[in-house]
Amino acid sequence: MTKRINVTKPFLPPIEQFIKKIEEIWENNWLTNNGPLHEQFEKGVVDYLKVRNACLFTNGHLALDVAIKSLDLKGEVITTPFTFASTVHTITMNGLTPVFCDIELGTFNIDINKIEELITEKTSAIIPVHVFGNLCNVKAIEKIAQKYNLKVIYDAAHTFGVELNGRGIGSYGNISMFSLHATKVFHSIEGGVLSFNDGALKEKLNKYKNFGISGEEQVDVVGLNAKMNEFQAAMGLVNLSYIDEQIEKRKKATYAYRNNLKDIEGLRYLEDQEGVKHNYAYFPIIINESIFGMNRDSLHEKLQDFNIFTRKYFYPLCTDFNCYDFNSNELLNAKFVSKNILTLPLYSDLSIDEVLRICETIKSIQKEKMPLLQNS
Ligand SMILES: *Cc1c(COP(=O)(O)O)cnc(C)c1O
């Protein structure tokens, strides 16, 4: 049997380098609560992301939760149904009502032409997601936010290192959240970052992530525990020296996919966006059943026979989770994408030969299903 290929594989740096880094933890005798490695990592992240300020968290989900709390949002929040559970859970857990906006077919991101009609007197914010590392129209969102006096928090979980015309993507909106989970482009085992332009937010965020404590005898807000520890910071620091090389490898794999899939009818993928330095976080394809000859679910299953494991990402839509009772009737693009999208394997260690094997397998599966194609 051929080698198993999973949809993702976390990067691990050479173990000696990690050990060398964590020896510092023993020397410092400091495990968590703003330790020296935490400080060092926070500075490294600010530089790498090209943002003014950053605050580190134990994971991306709690970072997003704290972002919402720190901006004192009320009432309704406009967001996308085509995202990971985390985005919508943080909104509802903070007592806010998510109002779902449909997505664009070209980027899978919130449709900027449908946001305004959803704004009411109760709307306090927009929480868009840069899905798969493809950027939302940040300029248009900025305009709408200014016009209606709304806050903007970007779920930038997928966009570590992405830039728009040389500007760090985390410098748009009031706050951006980056996830440093093991399966993301860049990780600190688990971890999260909030980036923001308003330096005054820093103190508030630090308070929220440490039980609301502001002094030895003072607790100011109902906070939680969302601090990053020194082991996470150590992994993050070591991984920072590999991130550019990692993204370069992902880029090569992505281009190999595009080159080898471009002639398949009924299969579509996303291209690079203009002016954007991408991080090549994911390689999603859309299967148009009537042209491709089989649906997304069958392709997903059939690839497993060849030891290739893809993911229906994001499926189901957040609006269709068992725990929620939302109406998704008008979210036509989101429904279409969610039903027909398949995320192919992509990670820095994925070899070009493996990409070719995946592409050839997709072609052979399609031919088997549609024998007529062989003659054309
Ligand atoms: C991964 C992810 C999160 C949550 O990040 P964690 O670090 O895993 O808590 C939030 N939103 C999106 C879109 C994600 O992909």
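As the structure is a computational prediction, the values presented were derived from the model and not from experiment.
- Among residue pairs with one or both ends in residues 321-359, those qualifying as ring-ring contact (aromatic ring centres under 6.0 Å, His included) are His89-Tyr324, Phe100-Phe326, Tyr324-Phe326; sequence neighbours excluded.
- Listed by chain and residue number, Glu163 satisfy the salt bridge (Lys or Arg N to Asp or Glu O under 4.0 Å) test with Lys50 (two or more places apart in sequence, or in another chain).
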Give the C-alpha distance, both sets of side-chain angles, the deciding distance and a yes or no for side chain to side chain donor-acceptor pair (under 3.5 Å) between Asp198 and Asn174. CA-CA 8 Å; Asp198 176 11; Asn174 295 86; over 6 Å; no
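- No hydrogens or angles considered: a donor-acceptor pair under 3.5 Å links the side chains of Asn329 and Asn327.
- Other residues, nucleotides and ligands contribute only 12 or fewer heavy atoms inside 6.0 Å of the CD atom of Glu274.
- Between Asp220 and Lys204, none of the side-chain N atoms (NZ, or NE/NH1/NH2) sits under 4.0 Å from a carboxylate O, so this pair counts as no salt bridge.
- A donor-acceptor distance shorter than 3.5 angstrom exists from the side chain of Gln366 to the backbone of Phe292, with no hydrogens or angles considered.
- Residues in residues 22-33 take part in these side-chain hydrogen bond (donor to acceptor under 3.5 Å, both in side chains) pairs, two or more places apart or across chains: Lys21-Glu24.
- With Tyr282 as the aromatic partner, Arg311 does not meet the cation-pi criteria of under 6.0 angstrom to the ring centre and within 45 degrees of the ring axis.
- Within the 3.5 Å criterion, the main-chain N or O of Asp102 finds no donor-acceptor partner in the side chain of Asp111.
- A salt bridge is absent between Lys363 and Asp263; no separation between the charged side-chain nitrogens and carboxylate oxygens falls under 4.0 Å.
- Of the N and O atoms on the side chains of Asn225 and Lys227, at least one donor lies less than 3.5 Å from an acceptor on the other residue.
- By the neighbour-count criterion of 12 heavy atoms within 6.0 Å, atom CD of Glu203 is sparsely surrounded, having that number or fewer from other residues, nucleotides or ligands.
- Judged by distance alone, with hydrogens and angles left aside, the side-chain atoms of Ser328 form no donor-acceptor pair with the main-chain N or O of Leu331 at under 3.5 Å.
- Between Phe132 and Phe314, the two ring planes are parallel [angle under 30°; tilted spans 30° to 60°].
- When each of Lys3, Lys9, Lys252 is tested with Asp349 by the rule salt bridge (charged side-chain N to carboxylate O under 4.0 Å, His left out), just one qualifies, namely Lys9.
- Pairing each heavy atom of Ala334 with each of Leu317, the nearest pair is O-CD2, 3.7 Å.
- With sequence neighbours left out, Glu42 forms a salt bridge (Lys or Arg N to Asp or Glu O under 4.0 Å) with Lys202.
- Take Glu330 and apply the side chain to side chain donor-acceptor pair (under 3.5 Å) test, not counting sequence neighbours, and it matches no residue.
- A donor-acceptor pair is defined here as one N or O able to donate and one able to accept, closer than 3.5 Å; no such pair exists between the side chain of Arg250 and the backbone of Leu350.
- Nearest heavy atoms, Gly35 versus Glu230: CA-OE2, 3.3 Å.
- Cation-pi contact between Arg357 and Phe306: absent, since separation from the ring centre below 6.0 Å together with deviation from the ring axis within 45° is not met.
- Using a 4.5 Å heavy-atom threshold, the side chains of Lys151 and Ile175 count as separate.
- Screening residues 195-215 for ring-ring contact (aromatic ring centres under 6.0 Å, His included), with sequence neighbours left out, gives no hits.
- Residue Tyr148 qualifies as enclosed at atom OH: its count of foreign heavy atoms under 6.0 Å is above 12.
- Dense packing is recorded around CZ of Arg167, with more than 12 heavy atoms of other residues, nucleotides or ligands lying under 6.0 Å away.
- Aromatic ring orientation, Phe160 versus Tyr48: parallel (interplanar angle below 30°, classes split at 30° and 60°).
- Comment: Lys43 does not engage Asp47 in a salt bridge, judged by the lack of any side-chain N to carboxylate O separation of less than 4.0 angstrom.
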